[in-house]
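Encoded as structure tokens, the structure appears first; notes follow it.
Note that the structure is a prediction, hence the values are computed from the model and not measured.
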Amino acid sequence: ELIGGTITADQTICVDETPTTLIVTTATNSSTVSGNLVYKWQSSRTNIAANFQDIDDRFDSGLSYVPANSATATGTTYYRRKMTITGSNCEVFSDVSAVTVVGINPGTINGTQTVCFNGPVTIGSSQDATTTGGIAEQISYTWQQQINGGPWTNVSSGADPTLSINSGILTQTTSYKRLAFSTACSTATETLAVEVTVLPNIIAGEVQLTDSNLPTVICAGTNPGVLGVVNGSNSSTTNLRFQWYKKNNVSDPYISVVNAIAETYNPGTLTQTTYFTRKAFYDENTSCQVEATELRIDIAIVDAGTITG
């Protein structure tokens, strides 16, 4: 009597991984039969006996069998070994072993943007990762970052397909990508990277007269002099833009001065006390702006008095 034998247990692997070798045990062997035993490995995608077909490769007639590289197909393939005796019509089959190949589509991420120095950032998920070929596969993610073409390093791991970066962290342009893993797969697939451009830090400074010898209390109808900002960012910072503002009362809102967009500002003659400030910002992201400490120019009130005679 020929005994087909038991076979290696079912297994689940990832695309591009090689399955465990399929080995048949407790089967009839050549020492217990008269005649020559012949082996032929078979496979099927349905595990229906009539659908098993002979495998045609250089390993298909061995005692054991290593299924072909799993990159060719996802899903489950069933394997068994057929055993016959030369010159007879006797044949038996081993038990069936299922090899399930799981593929992971990493999805896509979005978040290419230009942000402020130390600003918060969210990298979104246009499409979450998905799996094919497995049953009830749970997906997890690892986010990685790269700075200035350096190595990729892990940022966070978990079930969230998005990445949030708090304020106070980003100080230089950084690229991000997302790696996806599944329950059965320790080998990850990854998205294309997105780049977050971080603008240089802007220092607000304080408004002062460019000629420090000039007073901040002047007579009505005179020009206080050119205003500038000290201890702040200036036009040497690439793409930095400016806008000057003024108001006459401390409780008033500032209003922008038309065409006052240079690093310095000449206010002309003044007839009443006036407050001045300057905002600095980037065209690439106008929310990246700072406001300099204001300067007040006072108009002296002169009481000419009265005379008697």
Could you tabulate the donor-acceptor pairs under 3.5 Å formed by side-chain atoms of residues 129-140, not counting sequence neighbours?
| from | atom 1 | to | atom 2 | distance (Å) |
| --- | --- | --- | --- | --- |
| Glu137 | OE1 | Ser182 | OG | 2.9 |
| Glu137 | OE1 | Thr183 | N | 3.2 |
| Glu137 | OE1 | Ala184 | N | 3.0 |

Side-chain heavy atoms under 4.5 Å apart, restricted to Ile/Leu/Val/Met/Phe/Trp/Tyr: what other residues fall into the cluster of [X], or is it alone?
X	result
Ile48	none
Trp152	none
Phe181	Leu179
Tyr78	Phe52, Val96

Which side-chain N or O atoms in residues 158-168 pair as donor and acceptor under 3.5 Å with protein atoms at least two apart or in another chain?
| from | atom 1 | to | atom 2 | distance (Å) |
| --- | --- | --- | --- | --- |
| Asp160 | OD1 | Thr162 | N | 2.9 |
| Asp160 | OD1 | Thr162 | OG1 | 2.8 |
| Asp160 | OD2 | Thr162 | OG1 | 3.4 |

What disulfide (SG to SG under 2.5 Å) pairs are there with at least one residue in [range], not counting sequence neighbours?
range	answer
residues 221-275	none
residues 24-64	none
residues 116-173	Cys116-Cys288

Throw together a table of side-chain donor-acceptor distances under 3.5 angstrom for residues 219-231, partners on residues two or more places apart or in other chains.
| from | atom 1 | to | atom 2 | distance (Å) |
| --- | --- | --- | --- | --- |
| Thr222 | OG1 | Cys219 | O | 2.6 |
| Asn223 | OD1 | Gly225 | N | 2.8 |
| Asn223 | ND2 | Asn266 | OD1 | 2.9 |

Who are the salt bridge (charged side-chain N to carboxylate O under 4.0 Å, His left out) partners of Asp283, not counting sequence neighbours?
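Testing Asp283 for salt bridge (charged side-chain N to carboxylate O under 4.0 Å, His left out), a comparison that skips the adjacent residues, returns Arg241.
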Output every pair passing ring pair (Phe, Tyr, Trp, His ring centres under 6.0 Å) with a member in residues 87-146, not counting sequence neighbours, ordered by first then second residue.
none
